[in-house]
Number of protein chains: 2
Amino acid sequence: MTSQSADAVSSSRRSKITPEREQEFYDAVLQQLRENGYDSLTMEGVAASTRCSKSTLYRQWKTKPQLVAAALRTCSRTSLADIDTGSLAGDLREVVRHAGERSYKDTRLMQALGHAVLQDEELRRALREAVVEPEIGAIEEMVRRGVRRGEIPADHPAAEFVSAQLLGVLRARPLLEGRDADTPYLTRFLESCVLPALGLPGNT
Amino acid sequence: MTSQSADAVSSSRRSKITPEREQEFYDAVLQQLRENGYDSLTMEGVAASTRCSKSTLYRQWKTKPQLVAAALRTCSRTSLADIDTGSLAGDLREVVRHAGERSYKDTRLMQALGHAVLQDEELRRALREAVVEPEIGAIEEMVRRGVRRGEIPADHPAAEFVSAQLLGVLRARPLLEGRDADTPYLTRFLESCVLPALGLPGNT
DNA sequence: GTGTACCGATACGCCGACGTATCGTACGCT
DNA sequence: AGCGTACGATACGTCGGCGTATCGGTACAC
């Protein structure tokens, strides 16, 4: 056969599944999700794009929703949790910078899981725990820090809407304008809507 | 009219398709869309729930996406276009009242069409022209009227985000809190975020 | 060197949905 | 009264995806 020398990637896939290999599966799942939606994601497709056999997939995960749920759980972006610039406005500016960069991928992913999430309990929990909660939790923590620092009052009526606003606009722009909500757009939104509503000065 | 006996519905459906009957098809399509998503919407299902045969469906519409597109085009709720209270704040309060009532149906519908819309050109146009454009156009017209009346400056930076904010929050709440964005929620959002960002006084 | 566990390929059964075709018949018009 | 049109029922071919099963072969441990 072929001389399987240094490239462990292309030719021989006979070794046990390493963590890196596992991540390749997950990446393929997420990519196919974004491109074609949940229903058009097929086990055959994942197998083909990762050059494994269906047997391998079904050995590791029982069913298609479980594979997808597992893939979602690797999405845990803890990036937002690390942000702490010392001011609420500064934190949120960092948030929109990150969100704008990941706008396309996250938006498509959410869109793809739209209704599938309503049918499968495990899928719903995976999406919430792995994607929604971490990001939204981080934002709400920023707001709480802002309250503690006295930047905004604890019962500011706009406080409850910060995360919904950001997530909402992120998903709304593609529908309204046909373009992703990139960082400049999100920044304009933050400075001219979110921060003013909170009583904080926006960069004009 | 065909004043058959009392039960024109259950037994014999042999008459030609009246406009009312046609609307029954569309309603069934939209309902199944909202309940199960686009991919799980089946011609068999529509036929069964409307007690017609598949032949009839395929005689009227060539394919499944065309049936769905036709159903979408009957959604044209021009209700928002009729709103004109004399002030921007008043107009928007009417908008959230309507939107809150239709929240569940509209949100689910958008969610259901998520990725299908990316695959089929006709479907995409139908959704835009029948659902998105009318509502968003009405809101933007309200903003323009507000500018003409001098309520807000023409270049107010928050003006471009009014429709995106409302649509976004409408779709975001179910994801974040697991509940629909009803009228009270939308009203709070309007008074504490949208109006303040525009420099208008919100009802506290 | 021997063994075992795991991988890849592939074939299979099953099901459900699309879209077509056929046929009998009720409707509604003239 | 008669006739054509469109409807309802249903069967059919096709396709594609899920999940299972079988089998040969290879990597890695011992």
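Just so it is clear, the values below take in all heavy atoms, side chains as well, and ignore hydrogens, waters and symmetry mates. Just so it is clear: chains get the letters A, B, ... in the order the sequence lines come, proteins before strands, and each one is counted from 1.
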Geometric cation-pi criterion B:Lys64 and B:Tyr58, 6.0 Å radius, 45° cone
no

With a 4.0 Å limit, can you tell me whether [X] has a side-chain N or O closer than that to the phosphate oxygens OP1/OP2 of [N]?
| X | N | result |
| --- | --- | --- |
| A:Gln60 | C:dC7 | yes |
| A:Arg59 | D:dG19 | no |
| B:Thr56 | D:dC7 | no |

Nearest-angstrom distance from the residue atom [atom1] of [X] to [atom2] of [N]:
| X | N | atom1 | atom2 | value |
| --- | --- | --- | --- | --- |
| B:Ile17 | C:dA26 | CD1 | C1' | 15 Å |
| B:Lys16 | D:dA6 | NZ | P | 5 Å |
| A:Gln32 | D:dG17 | CD | C1' | 13 Å |
| A:Tyr38 | D:dC18 | OH | C1' | 11 Å |
| B:Glu44 | D:dT10 | CD | P | 13 Å |
| B:Glu24 | D:dC7 | CD | P | 14 Å |
| B:Met43 | D:dA11 | CE | C1' | 18 Å |
| A:Lys54 | D:dC23 | NZ | P | 18 Å |

Going by atom types only, do [X] and [Y] share a side-chain donor-acceptor pair under 3.5 Å?
| X | Y | result |
| --- | --- | --- |
| B:Glu20 | B:Thr18 | yes |
| A:Asp27 | A:Gln23 | yes |
| A:Asp91 | A:Thr85 | yes |

When all nucleic acid strands are considered with a 4.0 Å heavy-atom cut-off, which category describes B:Leu41: base, sugar-phosphate, or nothing?
sugar-phosphate

Assign A:Thr42 to base, sugar-phosphate, or nothing according to its heavy-atom contacts below 4.0 angstrom with the strands shown.
sugar-phosphate

So does B:Ser15 reach the base of D:dA6 with its side chain, donor to acceptor, closer than 3.5 Å?
no

Which of these passes salt bridge (Lys or Arg N to Asp or Glu O under 4.0 Å) with B:Asp182: B:Arg173, B:Arg102, B:Arg97?
B:Arg173

Give the nucleotide from the list C:dA9, C:dC18, D:dT20 with an atom nearest to the side chain of A:Ser55.
C:dA9

